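What follows is a short report on a single structure.
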Amino acid sequence: MEVKGCIRHKFCKNLPKCCFLFLVVFVFIFILGYLDLLKLKYEEISTINLQGATTDPQKHHGFCTFQPLSSTDALEERLILDSIAWPETPLLPAPLPLNQTSDPAHSTFTILPGKREGGQWHVGDQLEVMIKIYDFQGQAKKSGGDVLIARLHNKTLGAGVAGQVVDHLNGSYSAVFSLLWEGSAQVEVTLVHSSEAVTVLRRLNKEQPDRLFCTSLFRSGSISQTTTCNVCLRETRKPLCNFTDIRTGEPWFCYKPKQLSCDDRISHTFGGFTQKLKATEDKLFQRGVNMKVFIQASGPANVAVLPQRKGRNIVSQPEVKESIGKSGVSGYYYQGAWRALGEIKVGQFNSPSAVNQCLKGKIVHLYGDSTIRQWFEYLDAFLPDAKEFNLYSIKQAGPFMMLDNANKFLATYRCHGPPISFRNVPISQLRYIANEIDGEPGGDNTVIVFGIWAHFANYPMELFIRRLQSIRRAVVRLLNRAPGTPVVIRTPSLRDLSLYAALTNSDWFSLQQDKVLRAMFKGLNVRLVDAWEMTVAHHLPHLLHPPPPIIKNMIDVLLSYVCPQKGS
């Protein structure tokens, strides 16, 4: 519209008014054009981010790109990373001199004398052990960073408790044990990983977070193609499909198939593992040599524990100040049964009727990896009246459902969303725990159980922290709308270690995850099943899927939270 024409318009009595109208129209058109430009620019940035380039709005870890966090979440992430910071380990020269690395055969531990008069130990006291690490040449190590676990046990009594390990950063360590039963107590110290092995694991998580990868099948009509998928995909000329979850922001990408659309993705499966170690680094992960090997005592390995002194309360455990690991112990085994300390009395649900009585009228939703699926499988096998429905699910991934109609009890299992190394999971079944929790109304008769850790071990810890932040937000929303909902979390645990297992799911990373999870949910009305201590303290071998006696004890703890005994 020309100004001249506007002057002659019946609504424009004079030039100033007409110019003002023209200015308003011009500014409006300019704003619309600028918004379109911003939209185009955002799309360009998003595409560049998917290709792995660095831009300010995103946070990058090598070629892993994560969505930005709020200032509060970013601060929490930084504080948590600081709190789990592992002692610095020396850079490894090439070629690696293996004879200068930690050797459990040359290393020793020594039980320190009792601090009380007479040097005796009583139930309720603490036992301290000094550990010295030496290399394969018998030379004392001068730095810390080794991964050690310690256990005090009496196999005859079916007793065991985890020790709290302190790294003195000079090649020596302390292990502190609470004395919780009368009789003999034998010390056991294990070198899980040398500090040099930790150096390799840290480098792999930084440089090769894609060493374990997945694939997806895309299909339309008679055309099908499989491409690589991951949280972290290396930059190539290939376009990417962005499957980041809209609600949670959880990242997941696949290389786009040449002839098909991103919408044609139908399934997810474990793709494989690429091992890229430097020369001789594999020697740092030798089972029976320098990985998961007992350290011998330099003197006696056991002590005699006398009855509890009068006035001593063993339930209230003193905290142990340490630099690696958590403070205090959550429980111990006695006569093969797990006894919690200070939080809840663990009942013994030894018969189907006892379990049925607890779960009567309840709905139990279990979410997570295969270590949570074990709990579903235990209940399914243990309860004869509970019938599993055939949902035609993939055996590994589920979903699964069982119903006990007489007791009005329902249990379900569903695997967590990617990254997850299950095979042939339909895309429709890849769901994130936070979204599933948001779909539950909750209430006293609804039990939420989850465990998530094993499939995150080869990624930067930031990914695990962000996943837990997402789940925690959903848990907070659940407890706000239904405060009485029991929420139970299984912590990470130890496993059997081979070279492959160490490079993809090491106990060192699980220990770090354990500390992150505890920090993340501290202060919330949730309960933990301490799988870490329950596997450390037990005499049975460490397995990714713990043996039945340990699973039985975990279920007893779970049911004790759901159905607390009077006075607990």
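Bear in mind that the values here come from a model prediction, so they are computed numbers and not experimental data. Note that these values count all heavy atoms, side chains included, but never hydrogens, waters or copies made by symmetry.
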Q. Side chain of Ser224, backbone of Ser220: donor and acceptor closer than 3.5 Å?
A. no
Q. Between His545 and Thr371, do the side chains contain an N or O donor and an N or O acceptor separated by less than 3.5 Å?
A. no
Q.
Regarding Tyr432 and Asp438, do their side chains bring together a donor and an acceptor under 3.5 Å, going by distance alone?
A. no
Q: Without swapping roles, check the side chain of Thr227 against the backbone of Tyr255 for a donor-acceptor pair under 3.5 Å.
A: yes
Q) Side chains of Arg211 and Thr274: donor-acceptor distance under 3.5 Å anywhere? A) no
(Q) Treating Ser178 as the side-chain partner and Leu180 as the backbone partner, does any N or O pair qualify as donor plus acceptor under 3.5 Å? (A) no
Q | Pair Lys552 + Asp556, salt bridge at N-O below 4.0 Å | A | yes
Q) Atom CG of Asn505 and atom CG of Asp496: how far apart are they, to the nearest 0.5 Å? A) 9.5 Å
Q | Shortest non-hydrogen contact between Gln429 and Cys415, atoms and distance | A | O-SG, 4.3 Å
Q: Over all heavy atoms of both residues, which pair between Phe400 and Ser393 is shortest? Give the atoms and the distance, please.
A: CE2-CB, 4.0 Å
(Q) Could you tell me if the side chain of Leu497 sits less than 4.5 Å from the side chain of Arg287, heavy atoms only? (A) no
Q: Enter the distance from Leu479:CG to Arg477:CZ here, rounded to the nearest 0.5 Å.
A: 11.5 Å
**Q.** Any residue meeting salt bridge (Lys or Arg N to Asp or Glu O under 4.0 Å) with Asp507, in chain and number order, not counting sequence neighbours
**A.** Lys292
(Q) Whether Glu440 and Arg481 form a salt bridge (side-chain N of Lys/Arg under 4.0 Å from carboxylate O of Asp/Glu) is what I want to check. (A) no
Q) Hey, are the side chains of Val487 and Asn525 touching, using non-hydrogen atoms and a 4.5 Å cut-off? A) no
Q. Can Tyr333 and Ile550 be said to form a side-chain contact (heavy atoms from CB on, under 4.5 Å), step by step?
A. CA-CA 10 Å; Tyr333 288 105; Ile550 298 179; 4.1 Å; yes
Q.
To the closest 0.5 Å, what do you measure between OG (Ser267) and CZ (Arg423)?
A. 12.0 Å
Q. So Cys241 and Arg265, side-chain contact (heavy atoms from CB on, under 4.5 Å) or not? Walk me through it.
A. CA-CA 10 Å; Cys241 293; Arg265 180 173 175 241; over 6 Å; no
**Q.** Least distance between heavy atoms, Ala474 atom then Ala434 atom
**A.** CB-O, 3.5 Å
**Q.** Sequence neighbours excluded - salt bridge (Lys or Arg N to Asp or Glu O under 4.0 Å) pairs with any residue from residues 346-357
**A.** none
Q) Do the side chain of Ser560 and the main chain of Val346 share a donor and acceptor less than 3.5 angstrom apart? A) no
**Q.** Thr485 side-chain N/O to Ala482 backbone N/O, donor-acceptor pair under 3.5 Å
**A.** yes
Q. After noting the C-alpha distance and the side-chain angles of Arg490 and Asp369, does the key distance pass the salt bridge (Lys or Arg N to Asp or Glu O under 4.0 Å) rule?
A. CA-CA 11 Å; Arg490 183 201 192 276; Asp369 53 34; 6.0 Å; no
Q.
If I take atom CD from residue Glu462 and atom CD from residue Gln469, how far apart are they, to the nearest 0.5 angstrom?
A. 10.5 Å
Q) Looking at CG of Leu403 and NZ of Lys408, how far apart are the two atoms once the value is rounded to the nearest 0.5 Å? A) 8.0 Å
For residues 372-388, which side-chain donor-acceptor pairs fall under 3.5 Å, sequence neighbours excluded?
| unit_1 | atom_1 | unit_2 | atom_2 | d |
| --- | --- | --- | --- | --- |
| Arg373 | NE | Glu377 | OE2 | 3.1 |
| Arg373 | NH1 | Gln396 | O | 2.6 |
| Gln374 | NE2 | Pro546 | O | 3.1 |
| Lys387 | NZ | Pro384 | O | 3.3 |

Q) Thr244 and Phe253: side-chain contact (heavy atoms from CB on, under 4.5 Å), yes or no, with the steps? A) CA-CA 7 Å; Thr244 297; Phe253 309 104; 3.8 Å; yes
Q) Is there a side-chain contact (heavy atoms from CB on, under 4.5 Å) between Leu517 and Leu468 once you walk through the steps? A) CA-CA 7 Å; Leu517 185 145; Leu468 291 184; 4.1 Å; yes
**Q.** Under 3.5 Å: donor-acceptor pair, side chain of Gln225, backbone of Phe218
**A.** no
Q. How far apart are the closest heavy atoms of Asp444 and Gly484, and which atoms are they?
A. OD1-CA, 3.3 Å
Q: Given salt bridge (Lys or Arg N to Asp or Glu O under 4.0 Å), test Glu76 with Arg472 step by step and report yes or no.
A: CA-CA 13 Å; Glu76 179 184 49; Arg472 186 183 59 191; 2.6 Å; yes
Q: For residues 347-359, pull every pair meeting salt bridge (Lys or Arg N to Asp or Glu O under 4.0 Å), keeping only residues two or more places apart or in separate chains.
A: none
Q | Polar side chain donor-acceptor pair, Arg339 to Asn553, under 3.5 angstrom | A | no
Can you give each donor-acceptor pair under 3.5 Å made by side-chain atoms of residues 353-364, sequence neighbours left out, with the distance rounded to 0.1 Å?
| unit_1 | atom_1 | unit_2 | atom_2 | d |
| --- | --- | --- | --- | --- |
| Ser353 | OG | Ser351 | OG | 3.0 |
| Asn356 | ND2 | Pro352 | O | 3.2 |

Q) For Glu436, what residues pass the salt bridge (Lys or Arg N to Asp or Glu O under 4.0 Å) criterion, not counting sequence neighbours? A) Arg414, Arg431
Q) Just by distance, do the side chain of Asn154 and the backbone of Gly160 share a donor-acceptor pair under 3.5 Å? A) no
Q: Answer yes or no: is there an ion pair linking Asp264 with Lys256, defined by an N-O contact shorter than 4.0 Å?
A: no
Q. If you draw a 6.0 Å radius around CZ in Arg219, do more than 12 non-hydrogen atoms from other residues or ligands fall strictly inside?
A. no
Q: Locate the shortest heavy-atom distance separating Val536 from Arg151; write the atom from each residue and the value.
A: O-CD, 2.8 Å
Q. Can the ring centroids of Phe450 and His365 be said to lie less than 6.0 angstrom from one another?
A. no
Q | Close aromatic pair by centroid cut-off 6.0 Å: Trp181 and His153 | A | no
Q. Hey, is the main chain of Asp210 close enough, under 3.5 Å, to the side chain of Asn458 for a donor-acceptor pair?
A. no
Q.
Can you confirm whether more than 12 heavy atoms, excluding those of Ile246, are under 6.0 Å from its CD1 atom?
A. no
Q) Using the ring of each side chain (for Trp, its six-membered ring), is Tyr500 parallel, tilted or perpendicular to Phe273, with breaks at 30° and 60°? A) perpendicular
Q | Approximate separation, where rounding is to 0.5 Å, of Phe509 CZ and Trp86 CH2 | A | 12.5 Å
Q. Does the distance from a Lys or Arg side-chain N to an Asp or Glu carboxylate O, for Asp82 and Arg78, drop under 4.0 Å?
A. no
Q: Measure from the side-chain N and O atoms of Thr491 to the backbone N and O of Trp532, and report whether any donor-acceptor pair falls under 3.5 Å.
A: yes
Q: Taking all non-hydrogen atoms of both residues into account, name the closest pair between Asp514 and Arg518 and its distance.
A: OD2-NE, 2.7 Å
Q. Do His416 and Tyr367 have ring centres separated by under 6.0 Å?
A. no
Q: Using modelled atom types only, decide if a donor and an acceptor are shared between the side chain of Ser470 and the backbone of Arg466 within a distance under 3.5 Å.
A: no
Q.
What verdict does the ring-ring contact (aromatic ring centres under 6.0 Å, His included) test give for Phe422 and His268, after you've listed the backbone C-alpha separation in whole Å, the side-chain angles of each residue and the deciding distance to 0.1 Å?
A. CA-CA 8 Å; Phe422 289 169; His268 164 100; 8.8 Å; no
(Q) Please tell me whether Cys254 and Cys262 are bridged, where bridged means their SG atoms are separated by under 2.5 Å. (A) no
